[in-house]
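Written out below as structure tokens is the structure these notes cover.
Atoms within a ligand are numbered from 1 in the order they appear, just like the ligands themselves.
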Amino acid sequence: MSTPPKGKLPLPELAAMKQRGDKVVMVTAYDAPGARFAEDAGVEIILVGDTAAMVVLGYEGTTVPVTMDEMLFLTRTVARAARHPIIVGDMPFGSFQVSDEKALENAIRFVKEAGADAIKLEGAGPMVSRVKTIVEAGIPVMGHVGLTPQSATMLGGFKTQGKTAAAAAQLVEGALELEDAGAFAVVLEAVPAPVAAEVTRRLTVSTIGIGAGADTDGQVLVYHDLLGLSEGHLPRFVKRYASLSREIRDALEHYAEEVRDGTFPGEEHTYAMPEEELERFRSSISPSATRANDHAKEPTMSNSKSLAPAPVSEPPVRKTSSP
Ligand code: KIV
């Protein structure tokens with residue numbers, strides 16, 4: 001585990017990285033452990049994505065239902081845990097589409113109530129004025145074009161965007177407008193690699209690709225997808241770097257099995273008491289005073305263990321739990 005550098009990554013460092021040709025690493029996170037793991041891995045940007053709807057809140061195939069309050073809660077958790085990476089709060093559907101004023105109010109909530117360093121919002125066209133308004137208020141904005149999941153229905157589903165010459169040109173135009181409006185970076189999702197390369201060449205701010213090929217200034221993946229925590233179909237652009245859902249399932253099944261057959265807890269997980277105190281305790285209680293005795297239950301091999309004196313040496317007590 002590397003020690004993360006102290007202090008917040010300055011936003012202009014992203015432009016400097018583009019100049020140097022250094023890749024920007026962005027990953028999503030939705031809780032404190034995820035934020036700490038991402039920080040320790042040295043990522044530059046953590047996105048508290050509205051993919052939270054699907055990967056942590058249990059909505060299937062849509063990001064639309066997640067609310068401002070839910071996004072603020074998750075962003076606050078991530079911002080509390082990670083110090084160095086730039087924390088980007090993703091504006092959920094309905095929080096910015098209505099008007100520039102409403103968008104600014106909600107962007108301010110991300111910064112003020114949740115500790116985000118920046119916000120991301122989907123779309124170009126009518127959304128460009130939202131970006132301009134928020135940036136003018138002093139809040140950094142990340143744009144997002146190509147496949148914008150909040151408008152997946154309008155786009156005909158979760159499909160690659162910019163596949164025709166006209167659609168590709170429109171995509172380039174949208175990204176340029178977002179840069180002109182003051183966006184500090186633009187996510188390019190599910191677009192052909194040559195189109196993403198062209199956008200990257202034309203923009204002075206960083207492009208962050210997801211399903212956009214290797215020639216963007218940086219890459220982003222969803223935490224649960226890259227760690228193999230998501231199950232079922234995954235888009236072609238996801239690379240799994242671990243199979244954690246398999247490991248978690250195996251561990252939980254093993255735990256359940258050991259609880260049922262009495263293997264867990266073992267002596268090493270059990271607290272003891274001095275022998276003489278145990279004797280005094282036993283003689284101080286009437287033998288028929290327990291409900292278990294009322295039910296005339298024969299002790300089994302495993303529950304009879306608890307009546308035997310436990311070893312006096314204490315197992316270590318975790319700092320965070322009560323003994
Ligand atoms: O919400 C999200 O996780 C995103 C990324 C896929 C870019 O927008």
message = Show, in sequence, the C-alpha distance, side-chain angles and deciding distance for Glu231 and Ser245, and conclude whether the side chain to side chain donor-acceptor pair (under 3.5 Å) test is met.
response = CA-CA 7 Å; Glu231 297 180 316; Ser245 73; 3.2 Å; yes

key: Exercise: do Glu189 and Gln161 side chains pair donor with acceptor under 3.5 Å   = no

key: Side-chain ion pair, Glu257 and Arg260, N-O less than 4.0 Å   = no

inquiry  = List ligand 1 atoms under 4.0 Å from Gly49, heavy atoms only on the residue side.
reply    = 1 (O), 2 (C), 3 (O)

remark   = min-distance protein heavy atom vs atom 1 (O) of ligand 1 -> Asp50 OD1, 2.9 Å

remark   = Note: Lys120, heavy atoms under 4.0 Å from ligand 1, region reported as side chain

ask   = Does the side chain of Asp261 come under 3.5 Å of the side chain of Thr263 through a donor N or O and an acceptor N or O?
value = yes

query = Do any N/O atoms on Thr51 end up under 3.5 angstrom from N/O atoms on ligand 1?
reply = yes

ask   = For residues Asp100 and Ser129, is any side-chain donor paired with an opposing acceptor at under 3.5 Å?
value = yes

Ligand-side contact atoms (ligand 1) for residue partner Asp90, heavy atom cut-off under 4.0 Å = 1 (O), 2 (C), 8 (O)

inquiry  = I'd like to know if His144 contacts ligand 1, where contact means a heavy-atom distance under 4.0 Å to any ligand atom.
reply    = yes

query = Quick one: do Asp40 and Arg36 make a salt bridge, cutoff under 4.0 Å?
reply = no

Taking atom 4 (C) of ligand 1 as the reference point, the nearest protein heavy atom with its distance = Leu47 CD2, 3.5 Å

task = Give a yes or no on whether a salt bridge exists between Asp225 and Arg240, defined as a side-chain N under 4.0 angstrom from a carboxylate O.
result = no

Geometric N/O contact Tyr30 with ligand 1, under 3.5 angstrom = no

query = Should the proximity of Ile210 to ligand 1, defined as any heavy atom under 4.0 Å, be assigned to the side chain, the backbone, both, or neither?
reply = side chain

message = Out of all atoms in ligand 1, which are within 4.0 Å of some heavy atom of Thr28? Include the element for each.
response = 3 (O)

